[in-house]
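Input: a single structure, listed below in structure tokens.
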Amino acid sequence: MKAMMLTGIRQIEMKDIPEPQVVNPNDVKIKMSVMGICGSDIHYYTQGQIGSQIVQYPFTVGHEGAGVVVETGSSVKTVKPGDHIAIEPAMPCRECDQCLSGRPHTCRNLRFLGCPGQAEGCLMEYIVMPEKSCFLLTGNLTTDHGSISEPFAIGVYAVKKSTATKGLNIGIFGFGPIGMSVMLASKAIGINNIFVTDKIDERLLIAQKEGASATGNPLKENIIDKIRQFQPAGLDIAFECCGKQEAFDEAIELLKPGGKLVVVGIPEFDRWSMNVEVTRRREISLQFIRRQVDCVEQALELMGNGSVNTDNMVTHRFPFAKAREAFDLVAAYKDGVMKAMIDFM
Ligand SMILES: [Zn+2]
Ligand SMILES: [Zn+2]
């Protein structure tokens, strides 16, 4: 089968590798249909690492996938050949202290699709996953929804962890697919005062279409003044969704006393810094987000029953053989790209 593998910094090559096989009774072999490119895939493509997770070449990235079941192990009951499924990329051990305490997303022995040192990714024609990672796509749900359920579940989880409730004022700093997921998940629980910033105007246009109360581009205007005009008392909750120090600082500056900063973005640097005076006097809470836990089903449900429409998220599509063009486009933030999808025929 064919796999699109990273072979160096900004290098992707098509390679012939053996098809993975069903070995364990709970294994499911999947023919990939579609894969969304994630910001983290781009970090591995352009930097060869995220923090201590370093790519050993050749390596396949990709973890936002959906496909069709082609074969199942002897104990698999929830899916069968021919089923369309969403793929949950996390494969926790289900035995360690974290797994046993309901935190499989911080499993000590986690294997995550397309994460260096853990598991190859899904930018290949076939993959094998445990049954628990397979979520049946029913009703109106398409394989695009299946793929989007991965980033969208992170938005659902971030909003849940933020303890945001109906009627609060929130800010979303960075409006890529994760920022957009946070917005859609917030709207789904009745939050309508949503302020959005991003450096790309096309993304702000999408935020406006989705009903943002106000948007601002920090390259063109003072977003602190702008958001204060609309919300003089400050924000209840700010979501940092781009991994940038400026966004982190702006978010804290705009929070009201007792406000909460939720950090979802993945920075390319090693340390955040923050204003001691502001965070201390305003008694700001800080919540970091590590991917998500138990939110895939809810994400699929929200999309399936029409509570959330993710159609504006996908802005570009590329065939499998042109994955490199797709990665270059996303890495350069070109052409107003939000989410680029790879189609496997
Ligand atoms: Zn992702
Ligand atoms: Zn574990």
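Ligands are counted one by one from 1 in listed order, and the atoms in each one are counted from 1 as well. Note that the structure is a prediction, hence the values are computed from the model and not measured. Residue numbers start at 1 and run along the sequence shown.
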| query | Is it true that Asp144 and Arg317 have a side-chain N and a carboxylate O under 4.0 angstrom from each other? | reply | yes
| message | At less than 2.8 Å, how many protein N/O/S atoms surround the Zn ion (ligand 2)? Leave waters out. | response | 4
| field | Lys187 and Glu210 ion-paired at < 4.0 Å | value | yes
| Is the shortest side-chain N to carboxylate O distance from Glu120 to Arg111 below 4.0 Å? | no
| message | Looking at Phe318, I want to see if its CZ is surrounded by more than 12 non-hydrogen atoms of other residues, nucleotides or ligands under 6.0 Å. | response | yes
| query | Can you pull the salt bridge (charged side-chain N to carboxylate O under 4.0 Å, His left out) pairs that have at least one residue in residues 236-246, sequence neighbours excluded? | reply | Lys199-Glu246, Asp236-Lys256
| Tell me, which protein N/O/S atoms are under 2.8 Å away from the Zn ion (ligand 1)? | Cys38 SG, His63 NE2, Glu64 OE2, Glu150 OE1
| remark: The residue among Lys132, Glu131, Lys80 that forms side chain to side chain contact (heavy atoms under 4.5 Å, CB included) with Val28 is Glu131
| said: Taking the basic N atoms (NZ, or NE/NH1/NH2) and the acidic carboxylate oxygens, is any pair closer than 4.0 Å for Lys2 and Glu125? | reply: no
Distance-only donor-acceptor pairs under 3.5 Å for side chains of residues 62-76, two or more places apart:
| unit_1 | atom_1 | unit_2 | atom_2 | d |
| --- | --- | --- | --- | --- |
| Glu64 | OE1 | Lys339 | NZ | 2.8 |
| Glu64 | OE2 | Lys339 | NZ | 3.4 |
| Ser75 | OG | Pro25 | O | 3.1 |

| query | Looking at Lys29 and Glu19, does any basic side-chain N land under 4.0 Å from a carboxylate oxygen? | reply | yes
